[in-house]
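Everything below concerns the one structure shown next.
Protein chains get the first letters and strands the later ones, always in sequence-line order, with residue 1 at the start of each. What you see is a predicted model, and the numbers here were worked out from it, not measured in a lab.
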Amino acid sequence: MRIDPTMTAGMRVRMAPSPTGDIHIGNARTALMNYLMARQSGGTFILRVEDTDRERSDPQKEAGIYDGLRWLSLDWDEGPNVGGPYGPYRQSERHDVHREAIEALLASDAAYYDYTTAEERAAEREAQIARGQTPRYSGSGRSLTSAQIAERQAAGVVPAVRFTSGSGAVGFEDGVFGPLETDASEIEDFVIARGDGTALYNMAVVADDRSMAITHVVRGADHTSNTFRQVLLYHALGWEPPKFAHLPLLLNKRRQKLSKRDGSQWLGEYRAQGYLPEAVVNFMVFLGWSPGDERELFSLDELVAEFSLRRVNRADAVYDVQRLDHFNGVWLRRLDMNALAERALPFARDGGLSIDESQRDYFQQALALEQERIGHLSDVPDMMGFFFDDDLDPDVELMRFKRHDRAETAAALATVEGLVRELPEFTIGAIETMLRGLAERLGWKTGDLFMPIRIAVTGRRATPPLFETMAVLGRERCLVRLRRARAKLTE
RNA sequence: GGGGCAUUCGUCUAGCGGCCUAGGACACCGCCCUCUCAAGGCGGAGAUCGCGGGUUCGAAUCCCGCAUGCCCUACCA
């Protein structure tokens, strides 16, 4: 039976990232789906920082995780920074919980101290390979005599603790993949505690999920094999395992697990590149899930209502940035002007546009013209620069002079300048009437007249519609720019 | 090597025995709209449903084998 979220009120789910300073897109997608399940069941979304690998962990870096989650609006109910009844929420602070489980396993003989040395294990491994066998820990540490053990203790060997995996069917019902099973004899006796007494991943996760009363473990499919080990641990401890569900992995275009070489994959980078969290959420959820009909646009709230593990795909998904770009464009166009301005302003300023409060309204009018053209918020400074550049120095060669030469063009611009100066009302409609009228009097195709004006006034060939753009720029800016362009043409 | 899982247009996916001469979306191409660029509309191309066997009146859908890919196989997580 698959997990049916609607039937399981109050589920406790968790996201358990390593504190790497930022969230990987794959983890973000896992977090999203956990969040959706918690919210739709009226349950609890827990954040537990898995920092037991001291080499790679840095408590300072937790902030990056919080930032990323907050950016996506994935608020958590319990975690290192907000506390909760099942703390602590940092794995490194849960040593006692881990230790208790390890001792229980040792006491019941389900686990044993392994006094073999790394050299011995390496030698055993090589011997197996030499014999053409598959290298695998044989459990040799289990059969050491007490004399041998005493000798090693004297020699200063610190033992790890290994779990006796035994044999027999081990399995679980996966919320996405259905029933999964293997034989415990396929699993070697794995280490659950280091020589220094600290727990390793599989042990820590089991002890933590249990003690935090996690009801549903939803994580990446790279953990399905680990789940067998964990189920073994639950059984040996006499605990009922939680429900498990594994999500298909995210692959790059070469069908490999996403890595640093594949470009942006950290949430912070998406944010910096001007992606909207709404778009990232919408994109991520479709990596593995679909509603079953042809709808494609979903907000977080809509997903809370619609998402179901039952509709999650089993095949790994190849990440395609073009699709993300598409969603970004759609969500950018859906934003109302105030919201868009709020999001775009920081990018505009970071990109060098000096926009003070008095220009806020002007910025918003200009932005309205650009809205349907923005692909990423980071494009804003470049595409809107001409609105704020009072020393705009257009490259008149962009005018190209296909049908009318430089002199003719200069003359036309002079006429435009005069008309602009005398126009009673500098409005879109008035500008259009004026310019279309001029094109007709001149006998020019509208495009042939409008493009030089566009270049003069904006410095670029691709802009929002000319009349609107001129109206927003205002009469004075247009006059100055028209004059400057004409001067450049005649110099 | 062993174990686990997967395999529908380039990509994300719909499909859960007949509605499929396989649907949608992105990307691509063309046309329309048009002052440029977009957006939008319309249309096109693109999948013998990994391959081979079965089961069945009928299979993308069920079964078996093979191939390929991915994950696990650390005193990493």
Side-chain angles (χ1 to χ4, degrees), chain A residues 16-18 20 50-57 91 114 118 121 128-129 132-137 158-162 174 176-178 180-183 185-188 190-202 204-205 220-229 246 248-249 251 253-257 283 286-297 311 313-327 329-330 333 369-375 383 398 432 435-436 439 445-451 453-455 458 460-467 469:
Chain A
S18 295
T20 49
E50 306 217 323
D51 56 350
T52 53
D53 180 5
R54 277 106 89 181
E55 318 259 304
R56 300 201 304 228
S57 293
Q91 202 161 55
D114 178 10
R121 292 194 302 276
Q128 286 169 333
I129 292 171
Q133 298 174 340
T134 65
R136 163 150 139 72
Y137 177 71
V158 277
V161 178
R162 278 186 192 269
D174 192 284
V176 169
F177 289 87
L180 258 27
E181 193 182 270
T182 189
D183 196 283
S185 60
E186 298 295 345
I187 300 168
E188 64 180 18
F190 55 96
V191 176
I192 55 176
R194 299 181 176 90
D196 67 4
T198 57
L200 258 72
Y201 175 70
N202 285 118
V205 164
D222 47 344
H223 285 295
T224 44
S225 300
N226 282 326
T227 305
F228 292 121
R229 296 183 180 79
H246 292 90
L249 260 19
L251 270 27
K253 289 198 179 87
R254 297 169 60 198
R255 298 210 144 264
Q256 298 160 325
K257 212 172 158 184
F283 169 70
F286 270 91
L287 256 19
W289 175 86
S290 82
D293 52 38
E294 280 163 6
R295 289 171 299 160
E296 297 235 298
L297 243 43
R311 294 208 52 83
N313 224 34
R314 286 187 281 266
D316 293 342
V318 174
Y319 164 101
D320 178 17
V321 75
Q322 287 184 144
R323 196 167 162 79
L324 207 210
D325 287 342
H326 167 252
F327 278 122
V330 172
R333 272 171 252 127
L369 297 183
E370 300 283 12
Q371 182 165 25
E372 67 186 32
R373 273 159 269 267
I374 304 174
M383 62 197 300
L398 290 174
E432 172 161 15
L435 292 180
R436 286 194 189 284
K445 299 181 78 166
T446 50
D448 290 340
L449 176 63
F450 297 172
M451 185 52 82
I453 300 173
R454 167 176 286 109
I455 303 293
T458 71
R460 28 169 73 217
R461 291 185 68 87
T463 74
L466 223 213
F467 320 131
T469 303

Legend entry - Presence of A:Ser225 side-chain N/O under 4.0 Å of B:rC71 phosphate oxygens OP1/OP2: no
Inset, instruction - Tell me whether the OP1 or OP2 atom of B:rC75 has a side-chain N or O from A:Arg162 closer than 4.0 Å. - result: yes
Inset, instruction - Look at A:Asn313 and B:rA14 and indicate whether a side-chain polar atom (N or O) is within less than 4.0 Å of OP1 or OP2. - result: yes
Inset, instruction - Please measure how far the P atom in B:rC76 lies from the corresponding atom in B:rA47, and state the result in whole Å. - result: 49 Å
Inset, instruction - Taking only the side-chain nitrogens and oxygens of A:Arg323, find out if one of them lies under 4.0 Å from OP1 or OP2 of B:rA27. - result: no
Legend entry - Modelled atom types, side-chain donor and acceptor of A:Arg194 and A:Thr198, under 3.5 Å: yes
Legend entry - Check: A:Arg461 side chain, A:Leu398 main-chain N or O, donor-acceptor pair, under 3.5 Å: yes
Legend entry - B:rC71 and B:rA25, which share atom name C1', separated by this distance in whole Å: 29 Å
Legend entry - Below 4.0 Å: OP1/OP2 of B:rA77 and any side-chain N or O of A:Arg194: yes
Legend entry - Residue-phosphate contact under 4.0 Å: A:Arg314 side-chain N/O, B:rA6 OP1/OP2: yes
Inset, instruction - Taking only the side-chain nitrogens and oxygens of A:Arg311, find out if one of them lies under 4.0 Å from OP1 or OP2 of B:rG15. - result: yes
Inset, instruction - Please measure how far the P atom in B:rC70 lies from the corresponding atom in B:rC12, and state the result in whole Å. - result: 15 Å
Inset, instruction - To the nearest Å, give me how far apart CD (A:Glu188) and C1' (B:rC72) are. - result: 11 Å
Inset, instruction - Examine the base of B:rA77 for any acceptor or donor lying under 3.5 Å from a partner atom in the side chain of A:Asp222, and report the outcome as yes or no. - result: no
Inset, instruction - Could you check which of B:rC71, B:rC26, B:rU11 has an atom nearest any side-chain atom of A:His326? - result: B:rC26
Inset, instruction - Pick base, sugar-phosphate or nothing for A:Gly288, based on heavy-atom distances below 4.0 Å to the nucleic acid. - result: sugar-phosphate
Inset, instruction - Give one of base, sugar-phosphate or nothing for A:Gln371, where a contact means two heavy atoms less than 4.0 Å apart. - result: nothing
Inset, instruction - Let me know the distance between CG of A:Leu200 and C1' of B:rC72, rounded to the nearest Å. - result: 15 Å
Inset, instruction - Anything under 30° is parallel, anything over 60° is perpendicular, the rest tilted; go ahead and classify A:Phe450 against A:Phe467. - result: perpendicular
Inset, instruction - Answer yes or no: does a side-chain N or O of A:Arg333 lie under 4.0 Å from OP1 or OP2 of B:rG40? - result: yes
Legend entry - Integer angstrom distance from the P of B:rC63 to that of B:rU7: 12 Å
